[in-house]
Protein chains: 2
Amino acid sequence: MNRARQTVTLTADLIILTIRDGVLSVLLVERENKPFQGRLALPGGFLRGDESLEETAARELAEETGLDAVGLRLRQVGVYSAPDRDPRRPRVVTCAFLAIAADLPVPVAGSDARAARWVPVARAADPGLAFDHDRILADAVDLARTLLQFSTIATVFCGPEFTIGDLREVYETVWGVELDKPNFHRKVTDADGFLEPTGDKRPSATGRPAALYRAGAAAELVPPMMRPRSGA
Amino acid sequence: MNRARQTVTLTADLIILTIRDGVLSVLLVERENKPFQGRLALPGGFLRGDESLEETAARELAEETGLDAVGLRLRQVGVYSAPDRDPRRPRVVTCAFLAIAADLPVPVAGSDARAARWVPVARAADPGLAFDHDRILADAVDLARTLLQFSTIATVFCGPEFTIGDLREVYETVWGVELDKPNFHRKVTDADGFLEPTGDKRPSATGRPAALYRAGAAAELVPPMMRPRSGA
DNA sequence: TGAATAGTGTCTATCAGACAGTATGTC
DNA sequence: GACATACTGTCTGATAGACACTATTCA
């Protein structure tokens, strides 16, 4: 009955974002099984008996990318529970988690042999993803954009060592704007605990070599990196 | 088996915040049934067959407070899925929703006859709430504090008409700080679409009468109302 | 009149953004 | 040297915060 309490199955879906060739990209898998067989979808998996959803997400992340989620920042995007979002019975409700990764060599063939690939976010909704994953992806990207403002998570897009130019490209790519180089430089070097100089430099093909940095200890970014107001 | 996919039951729990007598308070119910029988808990209920969790939350809100959730802003706080958070089987996973309300006459005896009451947030964790509701409440209050900065939701704590002093007290109460009256006044009257003057005034016992305002059309607060940085 | 609250004006430190100018590398 | 990129300095306009001051009511 509709008024009866319902049992459901739970999944954790992952939005794994990275920047490849200057383009914000998301890891998608091709579905092997019905429903939406053959369609692209966010990687994810079912909750197991002894897990929290966070643990499910971390396990899936490891399987898909080989990344250890320990120390990696997984964030809840939200729960998606519309009754018709998944045709299966019992109902499938999902909790979406955002993960941000440095450019990985290639989707690692995890224990799961599914065909995983990076797809530019701008093109992900083109034929349309399975289930309500278009909406979930959009929400996750929104969240990522907001996190760049108030947290130091942008460094995770970079490798262990990076230049301020690298970091600026992360902001420009995710936000889709151009930022003033000198002001950006001052802003991030002034922010407390954001960056830690390594002392080394990275030579560039042409021009002055850039100083290298590591991610600092701070998780919160104060003062925040203000995102240029689009529109009026 | 632990590795098997798990079916669970889902609940939507509500954190209904209001300000009563200048104190941030939350609506709690006394549990009638096991587990945690007799303990205070957040109101909530089970997902039904034809509902999304948002609809479950709206239904529970109406039952508990008589408030129509239409037009009221319900926001997901997060999902709580630790395997041991609820001793019942099948496992109970909950999604928490934040609701903000103007000072209500009294917990309305809804269709549900449970003993509901307002409890100051500062005292809610005193004997400790049922399940992991202490943690959920803390997360929800955090979210509310953040929302005050970037959204116009503070007006919802007030009635349909309010003075700028009323609004300032909302911020001071939720944030637990004192704000500069003249600066606050200028800030909120300058913000676009935050307040709409009614033209009326409310006489005060002593002193100049204050102009009355309605909530404006804007949902986002630009520029944001910066929260004074505590600590260094 | 004084007391109390509402609201305005003004000054200052800080910060974002624009952009000129300097430093350090390759060719 | 030219050129390209990294980085620094400086100015300007906007904003936050402090606080002096004016306005409007009641007793």
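The basis for the numbers below is simple: all heavy atoms, side chains too, and nothing from hydrogens, waters or symmetry mates. Here is the naming used below: chain letters follow the sequence lines, and residue numbers restart at 1 for every chain. In this text, all values refer to a predicted model and were calculated from it rather than measured experimentally.
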- Mark yes when over 12 heavy atoms from residues, nucleotides or ligands other than A:E161 sit less than 6.0 Å from its CD; otherwise mark no. yes
- Test item: A:D132 side-chain N/O and A:R85 main-chain N/O as donor-acceptor pair under 3.5 Å: no
- Any A:L10 side-chain heavy atom under 4.5 Å of A:L53 side chain: yes
- Query: For A:R75, what residues pass the side chain to side chain donor-acceptor pair (under 3.5 Å) criterion, not counting sequence neighbours?
  - Reply: none
- Look at the side chain of B:S25 and the backbone N and O of B:V23, then say whether any donor-acceptor pair between them is shorter than 3.5 Å. yes
- Plane angle bin for A:Y171 and A:W175 - parallel if under 30°, tilted between 30 and 60°, otherwise perpendicular: perpendicular
- Quick one: do the B:Y80 and B:D13 side chains pair a donor with an acceptor below 3.5 Å? no
- Task: Please determine if A:R117 and A:E30 form a salt bridge, counting it only when a charged side-chain N lies under 4.0 Å from a carboxylate O.
- Result: yes
- Message: Need two values: the first and the last nucleotide of DNA chain C, 5' to 3', having an atom under 4.0 Å from any heavy-atom of chain A.
- Response: C:dA16 to C:dT26
- Item | B:L147 side, atom CG; B:E220 side, atom CD - distance, nearest 0.5 Å | 11.5 Å
- Message: Please determine whether a side-chain nitrogen or oxygen atom of A:H185 lies at a distance below 4.0 Å from atom OP1 or OP2 of D:dA6.
- Response: no
- Message: Under 4.0 Å, heavy atom to any atom of DNA chain C: which of residues 191-221 of chain A qualify?
- Response: A:A205, A:G207, A:R208, A:P209
- Just by distance, with hydrogens left out, do A:Q76 and B:Q76 show a side-chain donor and acceptor under 3.5 Å apart? no
- Listed in order of residue number, which residues of residues 146-153 of chain B have a non-hydrogen atom at under 4.0 Å from DNA chain D? none
- Message: So if I take residues 160-170 of chain B and measure heavy-atom distances to DNA chain D, which residues fall below 4.0 Å?
- Response: none
At a cut-off of 3.5 Å, list every protein nitrogen or oxygen paired with a nitrogen or oxygen from nucleotides 14-16 of chain D, distance to 0.1 Å.
from	atom 1	to	atom 2	distance (Å)
D:dA16	OP1	B:K187	NZ	2.7

- Query: Does B:T163 reach the main-chain N or O of B:A211 with its side chain, forming a donor-acceptor pair under 3.5 Å?
  - Reply: no
- Is it true that B:E55 and B:R59 make a salt bridge, defined as a side-chain N closer than 4.0 Å to a carboxylate O? no
- Item | Gap between atoms NZ and C1', on A:K181 and D:dG9 respectively (whole Å) | 18 Å
- Message: I'd like to know if the side chain of B:K187 reaches the main chain of B:P224, judged simply by a donor and an acceptor atom lying under 3.5 Å from each other, with no hydrogens or angles considered.
- Response: yes
- Message: Just so I know, are the side chains of B:F184 and B:I164 near enough to count as touching, which here means a heavy-atom distance under 4.5 Å?
- Response: yes
- Query: So, A:H133 side chain and A:L42 main chain: donor-acceptor pair closer than 3.5 Å or not?
  - Reply: yes
